[in-house]
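For the numbers below, each heavy atom of this structure counts, side chains included, while hydrogens, waters and symmetry mates do not. Residue numbering restarts at 1 for every chain, and letters A, B, ... go by the order of the sequence lines. Treat the numbers as computed from the prediction; the structure is a model and nothing was measured.
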Amino acid sequence: MKRNMNNLEIAELLRAMAASYEIRASANSRFRVIAYENAADAVEHLSSELKDLWDEGMLEDVSGIGPSIAKNLGEIFKTGKSRHFEHILSKIPKSVFELLDLTGVGPKRAYRLAIELNLPDKNPIKKLKRLALNGKIATLPGFGEESERDILKSIKEFEQKKETRMLISRAEEAVLPIINWLKKDRNVIEAVPLGSLRRRASTIGDLDLAVSTKNPEKVIKHFLNFPHKGRVLDQGDKYVSMLVPGNIQVDLRVHEPKSFGSLLQHFTGSKHHNIALREYALKKGLSLSEYGIKELNNKRGKVKPVGSEKEFYRCLGLQWIPPELREGDDEIEAARKKNLPELVELKDVKADLQIHSDFDIETSHDLGVSSMKEIVKKANELKYEYIAFTEHNPSQRGHSQKQIVEILKKKREKINILNSQLPDGTIKKVFNSLEIDILPDGKLPIDETGLSILDFALISIHSSFRLEKNKMTQRVLRALDYPNVKIFAHPTGRLIGKRESIELDWEKIFSFCKEKNIWIEINADPHRLDLPDYLVREAIAKGILLTLGTDAHSSLGMDNMRYGVDVARRGWAKKSDIINARNLKEFETLLKIQEAVR
DNA sequence: GCCGTTTTCGGCCCGACTGTTTTCAGTCG
């Protein structure tokens with residue numbers, strides 16, 4: 001333990017506590033285990049660091065953290081350790097917690113393996129593998145040859161660590177041929193992706209699919225003939241789990257139409273949403289499962305199958321909850337009060353506010369590959385009313401401010417001509433913008449003369465990503481204060497799976513943006529999806545307006561807008577929260593209002 | 001150990017599979 005534990009480390013600690021209590025399993029520890037696991041989940045899903053909440057005395061405001069856990073976490077933040085936690089953990093060999101990383105090995109089996117095989121604290125899995133290969137596990141009571149094989153398989157998987165989640169764009173590519181294959185079978189009435197893909201999460205683990213059919217057996221058989229099929233991991237009457245190219249796991253579930261609604265609900269998840277929903281249902285005397293709804297006080301009560309998902313939620317007295325909101329936050333409460341937001345949709349989007357053309361702006365970053373004309377053509381296909389060209393700023397090295405202004409003037413002229421010769425279509429105006437680097441000290445590499453040539457400027461970070469939180473915040477605030485700066489683009493700088501978010505004091509950034517009427521971008525590039533969904537929700541709560549931009553470097557990239565809309569929806573965004581869901585006239589009015597404020 | 005539209009006490013999600021069992025515990029999603 002240490003004083004500055006981050007949320008992931010704390011969650012891991014709480015899970016270790018849960019495991020310890022489970023191993024010691026006394027009569028009343030069962031629910032204590034659940035409590036610690038709930039607390040771990042809560043911490044993992046938190047949008048701000050727990051340490052910061054503790055600083056503000058708000059630990060117990062986190063649902064799942066009560067007086068006891070709060071007290072002990074507080075002790076850790078203050079002194080670097082919790083005597084109670086250490087006391088409990090000290091009774092369990094450290095090796096046990098490492099073994100929990102193996103699938104199929106939970107607390108009980110991990111403990112027995114560690115004790116009976118006398119596994120070392122260091123590299124216990126390595127020793128376990130050696131013993132398993134020598135047949136030592138099969139001889140343990142309660143274990144057998146099958147268990148030994150399973151454990152070896154888990155160790156192999158652990159060693160390969162294929163624990164990487166896919167980008168949502170990748171998951172969509174992978175799922176399409178499977179859905180197409182399923183639909184070739186006449187028995188398939190409906191075939192749809194569920195799980196995190198249906199909830200439109202930013203990254204996807206496994207692919208979950210559901211089929212509605214009157215003939216489950218035949219559909220299963222058909223699926224097993226999938227031309228790109230890999231190893232079949234698991235199989236039952238109503239489900240198959242198999243690998244497809246790219247080592248992607250596909251779980252298919254098959255139900256009859258009469259219970260398809262409950263299946264959709266169940267396997268769309270999330271786990272947290274389902275748990276919360278079932279707890280809510282219990283209070284109404286109802287028990288929920290993938291097969292339907294059961295009345296508890298009715299002794300002869302059977303499961304009533306539910307055919308449609310809308311009906312499933314209606315039976316519970318709830319509004320239908322869009323999958324994007326099903327994360328176990330407060331969506332059930334909102335649905336009960338008929339208070340769910342009307343989420344923004346792709347068809348509401350009337351503009352793309354970050355596009356890079358091939359106009360040679362002499363930047364040190366990437367140029368786009370499509371011409372302005374090609375991009376306007378694409379924008380018309382997408383039925384947009386306006387777009388903004390946001391090439392990177394000309395490189396500072398090798399250009400004087402005077403030269404930079406000259407380049408910007410050239411682009412201004414080109415856009416003026418473009419605006420006077422717009423082809424027939426929905427596009428009415430093209431804006432002259434620029435994506436400008438925020439330098440490490442918060443200055444911008446474009447002077448005020450240069451900035452004044454633009455209709456408005458986007459600013460974003462492309463260097464020095466690891467500044468400490470206060471410095472980073474000051475840096476961004478300084479840049480946001482330049483004249484004509486309107487949009488803070490891909491604000492966390494994250495690249496999913498590759499680069500962590502920068503550290504920012506969001507409270508301060510949001511208040512500044514609110515005060516100065518600066519907008520924050522939701523970057524729709526599937527590698528970025530930035531602002532992330534949970535911060536979108538916080539921003540909206542603070543009254544911040546958001547823009548959508550694809551960051552397209554070719555006209556094809558403009559198709560990524562839907563991923564940005566996904567993020568907006570997961571952040572509970574309504575149409576009115578999104579700047580470019582407004583028509584041109586409203587947009588221009590907002591631009592002017594903004595100038596007046598600053 | 002946590003929590004509250006019935007509760008500050010008395011509850012705590014649901015079903016499936018697996019292997020090692022002679023009726024079920026452990027694990028997973």
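Under the 4.5 Å side-chain criterion, counting only non-hydrogen atoms from C-beta, A/Ser47 is in contact with A/Glu538. Contact check for A/Tyr111 versus A/Glu22: no side-chain heavy atoms found under the 4.5 Å cut-off. Taking the side chain as every heavy atom from C-beta outward, A/Glu290 and A/Arg253 never approach each other to under 4.5 Å. Between A/Ile76 and A/Trp54, every side-chain heavy-atom pair lies at or beyond the 4.5 Å cut-off. Put simply, the side chain of A/Arg165 reaches to within 4.5 Å of the side chain of A/Ser196, judged on heavy atoms. In this structure, the side chains of A/Ser154 and A/Val105 stay at 4.5 Å or more apart for every pair of heavy atoms. With contacts defined as side-chain heavy-atom distances shorter than 4.5 Å, the pair A/Val250/A/Asp206 does not qualify. In this structure, the side chains of A/Lys498 and A/Arg494 stay at 4.5 Å or more apart for every pair of heavy atoms.
Taking 4.0 angstrom as the limit, A/Lys108 places a side-chain polar atom (N or O) nearer than this to OP1 or OP2 of B/dG26. OP1 and OP2 of B/dG1 both lie 4.0 Å or more from every side-chain N or O belonging to A/Ser29. OP1 or OP2 of B/dG15 has not a single side-chain nitrogen or oxygen of A/Tyr239 nearer than 4.0 Å. Phosphate proximity of B/dG1 to A/Arg32: present, with a side-chain N or O under 4.0 Å from OP1 or OP2. For the OP1/OP2 pair of B/dC14 and a distance below 4.0 Å, the side-chain nitrogens and oxygens of A/Ser289 include no atom meeting the criterion.
Rounded to whole angstrom, the span from the CZ atom of A/Arg336 across to the C1' atom of B/dG4 amounts to 12 Å. In this structure, A/Leu99 atom CG and B/dT27 atom C1' are separated by 15 Å, rounded to whole Å. For the pair A/Asp150 CG and B/dG26 C1', the interatomic distance rounds to 13 Å; values are reported in whole Å. Separating the CD1 atom of A/Ile65 from the P atom of B/dC3 is a distance of 9 Å, rounded to the nearest angstrom. One interatomic measurement links the two molecules: CD of A/Glu290 to P of B/dC28, which rounds to 18 Å at whole-angstrom precision. Between the NZ atom of A/Lys283 and the P atom of B/dG11 there is a distance of 14 Å, given to the nearest Å. As rounded to whole Å, 16 Å separates atom P of B/dG1 from atom CD of A/Glu22. Taking atom CD on A/Gln265 and atom C1' on B/dG15, their separation rounds to 14 Å, with Å as the unit.
Nucleic acid contact class of A/Gly64 (heavy atoms, under 4.0 Å, all strands): sugar-phosphate only. Within 4.0 Å (heavy atoms only), A/Phe143 reaches sugar-phosphate atoms of the nucleic acid but no base atom. Looking at heavy-atom distances under 4.0 Å, A/Glu333 makes contact with a base. Contact annotation for A/Val105: backbone-only contact, meaning every heavy-atom pair under 4.0 Å involves sugar-phosphate atoms and none involves a base. At the heavy-atom level, A/Val303 lies nowhere under 4.0 Å from the strands shown. In this structure, A/Leu102 reaches the sugar-phosphate backbone alone: every heavy-atom distance under 4.0 Å involves primed, P, OP1 or OP2 atoms, never a base. Within 4.0 Å of A/Ile275, counting heavy atoms only, lies at least one base atom of the nucleic acid. Counting any heavy atom pair closer than 4.0 Å across all strands shown, A/Asp208 reaches no nucleic acid atom.
The same atom, P, is picked in B/dC12 and in B/dT6; the two are 15 Å apart, to the nearest Å. The C1' atoms of B/dG10 and B/dG15 are separated by 25 Å, rounded to the nearest whole Å. Look at the P atom in both B/dT5 and B/dC13: the space between them is 16 Å, to the nearest Å. Rounded to the nearest Å, the gap between the C1' atom of B/dT8 and that of B/dC2 is 12 Å. Between B/dA16 and B/dG11, the distance separating the two C1' atoms is 25 Å to the nearest Å. Annotation: B/dA25 and B/dT20 have their C1' atoms spaced 10 Å apart (nearest Å).
For A/Leu282, taking side-chain heavy atoms from C-beta onward, the closest of the listed nucleotides B/dT27, B/dC12, B/dC17 is B/dC12. You'll find that the side chain of A/Glu146 is closest to B/dT20, out of B/dC12, B/dT20, B/dC3. Picking from B/dT27, B/dG1, B/dC28 the nucleotide with the shortest atom distance to the side chain of A/Ser68 gives B/dG1. Side-chain proximity of A/Ser147 to B/dC12, B/dT20, B/dC2: nearest is B/dT20.
Taking a 4.0 Å limit (strictly below) on heavy-atom distances, residues 37-58 of chain A does not reach DNA chain B anywhere. Less than 4.0 Å separates DNA chain B from at least one heavy atom of each of the following residues of residues 74-95 of chain A: A/His84.
Every side chain to side chain contact (heavy atoms under 4.5 Å, CB included) that A/Lys127 has, sequence neighbours left out, goes to A/Leu119, A/Pro120, A/Arg130, A/Leu131.
When both pairing distances are held under 3.5 Å, B/dG10 makes a Watson-Crick or G-U pair with B/dC3.
With DNA chain B read from its 5' end, the first of the two nearest nucleotides for A/Ile69 and A/Leu286 is the one closest to A/Ile69. In terms of position along DNA chain B, the nucleotide closest to A/Gly142 lies nearer the 5' end than the nucleotide closest to the other residue of the pair A/Gly142 and A/Leu100.
At least one donor-acceptor pair under 3.5 Å links the side chain of A/Gln319 to the backbone N or O of A/Asn339.
For B/dT27, the base has no donor-acceptor partner in the side chain of A/Arg109 [N/O atoms by modelled type, under 3.5 angstrom].
Side chain to side chain, A/Tyr563 and A/Asp525 fail the donor-acceptor criterion of an N or O pair below 3.5 Å.
A ring-centre distance under 6.0 Å is found for A/Trp181 and A/His222.
A salt bridge links A/Lys469 to A/Asp52: one of the charged nitrogens lies within less than 4.0 Å of a carboxylate oxygen.
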